[in-house]
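Model, not experiment: these values are computed from the prediction. Count residues from 1 along the sequence.
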Amino acid sequence: MPEELPILFRDEHIVVIDKPSGLLVHRSEIDRHETRFAIQILRDQIGQRVWPAHRLDRGTSGVLLFGLSPAMASQLGRQFEQGTVDKRYWAVVRGHPPASGSIDHPLTRQRDPYEFKGEQCSTEAQPALTHFRKLAEIELPVEIDCYPSSRYALLELEPVTGRRHQIRRHLKHLAHPIIGDATYGKGRHNRYFAEQLGSHRLLLACVGMSFNHPVSGQRLDVKTPVSGEFAATLARFGWPGG
């Protein structure tokens with residue numbers, strides 16, 4: 001039976017899915033060996049071509065928007081560029097951050113290794129802002145990194161800007177990296193979650209997104225709960241969403 005993706009919203013102009021963790025949005029020069037892409041699976045599933053309006057990291061799950069024509073994807077993409085899309089993420093992080101706060105920390109532009117880097121490509125840091133609030137926390141009697149216990153928290157985050165890997169880099173800057181983040185996280189905590197708690201993924205998910213419909217102008221608010229290993233981890237800790 002062909003693979004199918006959960007569809008959260010669909011009409012004749014756009015389609016919104018819940019992207020699983022580990023799935024690439026489209027073909028990448030970095031992952032040439034991969035044969036599964038959200039674009040391809042969704043195209044085969046609904047029987048027509050789709051164009052992504054934005055991107056989610058491979059390990060990040062959740063709300064992903066597509067246009068059913070290049071014009072619709074472009075219109076949605078402009079909303080992201082103009083900052084009129086409201087995005088809500090959940091993340092499990094190391095440590096106990098404050099109850100709420102904002103991370104206002106400029107980030108240098110990141111490019112894939114195969115992208116052209118000419119003289120016109122600025123390397124200056126760009127403004128980046130992420131708001132967060134803590135939903136739950138826990139302290140486990142597990143010794144990691146010479147500490148007698150280990151602390152973790154569930155955060156809800158709202159990135160105001162859209163820099164690449166913004167949430168992951170901002171949380172590393174805050175010294176509360178996301179569990180399962182092989183690039184910006186802590187290997188010992190990642191291994192503990194994988195080997196002892198059965199969570200092998202990046203614990204970051206886009207759980208909600210609000211945007212204007214590209215044709216009607218109606219404000220749409222699309223939500224999706226976390227699932228799989230993410231939900232199982234929350235349930236194990238007695239946290240909401242598990």
### Query
If you take all heavy atoms of Val142 and Ser150, which pair is closest and at what distance?
O-OG, 2.8 Å
### Message
Do Thr84 and Phe211 have side chains that approach each other closer than 4.5 Å (heavy atoms only, starting at C-beta)?
### Response
no
### Task
Using the side-chain contact (heavy atoms from CB on, under 4.5 Å) rule, take Ile144 and Arg191 through it: C-alpha gap first, then chi angles, then the decisive distance, then the call.
CA-CA 10 Å; Ile144 301 178; Arg191 285 192 293 273; over 6 Å; no
### Task
For Glu229 and His200, indicate whether the former's side chain and the latter's backbone hold a donor-acceptor pair under 3.5 Å.
yes
### Message
Tell me if a side-chain donor or acceptor on Arg163 pairs with a main-chain N or O of Pro127 at a distance below 3.5 Å.
### Response
yes
### Spacing of CD belonging to Glu156 relative to OG belonging to Ser100, to within rounding of 0.5 Å
11.5 Å
### Message
Is the ring pair His213/His13 parallel, tilted or perpendicular, if the boundaries are 30 and 60 degrees?
### Response
perpendicular
### Message
Hydrophobic cluster membership, with links at side-chain heavy-atom distances under 4.5 Å among I/L/V/M/F/W/Y: are Val15 and Ile41 in one?
### Response
yes
### Task
First locate atom CZ of Arg10, then atom CD1 of Ile46, and finally report the distance between them rounded to the nearest 0.5 Å.
4.5 Å
### Side chain proximity check, Glu12 to Val215, heavy atoms < 4.5 angstrom
no
#### Entry: Heavy-atom pair with the smallest gap, counting every atom of Arg164 and Arg169
O-NH1, 3.3 Å
### Task
Might you point out which heavy atoms bring Phe66 and Leu76 nearest each other, and give the distance in Å?
O-CD1, 4.2 Å
### Gap between atom CZ of Arg55 and atom NZ of Lys19 - 0.5 Å precision
11.0 Å
### Query
So how far is it from His173 NE2 to Leu107 CG, rounded to the nearest 0.5 Å?
9.0 Å
### Task
Begin with the C-alpha distance, continue with both residues' side-chain angles, and end with the deciding distance and a verdict on side-chain contact (heavy atoms from CB on, under 4.5 Å) for His176 and Arg94.
CA-CA 5 Å; His176 295 292; Arg94 182 180 67 85; 5.7 Å; no
### Closest contact, heavy atoms only, Pro97 versus Phe132
CB-CE1, 4.3 Å
### Gap separating the CZ atom of Phe230 from the CG atom of Leu204, nearest 0.5 angstrom
7.0 Å
#### Entry: Common cluster, Leu64/Phe80, ILVMFWY with side-chain heavy-atom separation under 4.5 Å
no
### Task
Determine whether more than 12 heavy atoms belonging to other residues, nucleotides or ligands lie under 6.0 Å from atom CZ of Arg43.
yes
### Task
Go through the steps for Leu155 and Ile178 under the test side-chain contact (heavy atoms from CB on, under 4.5 Å), then give the verdict.
CA-CA 10 Å; Leu155 300 184; Ile178 301 175; over 6 Å; no
### Message
Keeping His96 on the side-chain end and Ile138 on the backbone end, is there a donor-acceptor pair under 3.5 Å?
### Response
yes
### Query
Can any side-chain N or O of Ser102 pair as donor or acceptor with the backbone N or O of His131 at less than 3.5 Å?
no
### Message
Under a 4.0 Å threshold between the charged nitrogen and the carboxylate oxygen, would Lys172 count as salt-bridged to Asp181?
### Response
no
### Query
How many angstroms lie between atom CG of Leu23 and atom CD of Glu3, to the nearest 0.5 angstrom?
6.5 Å
### Query
Would Val207 and Val16 show up in the same hydrophobic cluster when neighbours are defined by side-chain heavy atoms closer than 4.5 Å?
no
### Query
Are Ile14 and Phe9 side-chain neighbours, meaning at least one heavy-atom pair lies under 4.5 Å?
yes
### Message
Is any side-chain heavy atom of Val85 closer than 4.5 Å to one of Met209?
### Response
yes
### Message
Around atom CZ of Arg49, are there more than 12 heavy atoms from other residues, nucleotides or ligands closer than 6.0 Å?
### Response
no
#### Entry: Hydrophobic cluster membership, Phe37 vs Val50, 4.5 Å side-chain cutoff
no
### Query
Around atom NZ of Lys186, are there more than 12 heavy atoms of other residues, nucleotides or ligands at under 6.0 Å?
no
### Task
Check the pair Phe237, Leu154 against side-chain contact (heavy atoms from CB on, under 4.5 Å), reporting the backbone distance first and the verdict last.
CA-CA 10 Å; Phe237 293 162; Leu154 174 64; over 6 Å; no
### Query
Considering all heavy atoms of both residues, which atom of Cys206 and which atom of Leu56 are nearest to each other, and what is their separation?
CB-CD2, 4.5 Å
### Query
If two hydrophobic side chains count as joined below 4.5 Å and joins carry through other members, does Trp239 share a cluster with Ile179?
yes
### Student check: side-chain heavy atoms of Glu137 and Arg151 closer than 4.5 Å
no
### Task
Work out which heavy atom in Thr224 is nearest to a heavy atom in Gly62; give both atom names and the distance.
CG2-CA, 4.3 Å
### Message
Using only atom types and a distance under 3.5 Å, with no angle test, would you say the side chain of Gln166 pairs donor to acceptor with the backbone of Leu129?
### Response
yes
### Message
Could you check whether Arg201 and Ser61, counting side-chain N and O atoms only, form a donor-acceptor pair closer than 3.5 Å?
### Response
yes
### Task
Decide yes or no for His54 and Leu65: does some side-chain heavy atom of the first lie under 4.5 Å from some side-chain heavy atom of the second?
yes
### Message
Test your reading of the model: is there a side-chain donor-acceptor pair from Lys87 to the backbone of Leu157, 3.5 Å cut-off?
### Response
no
### Query
So do Trp51 and Pro70 actually touch side chain to side chain, heavy atoms under 4.5 Å?
yes
### Message
Ring-plane angle category for Tyr152 and Phe193, please: parallel below 30°, perpendicular beyond 60°, tilted otherwise.
### Response
perpendicular
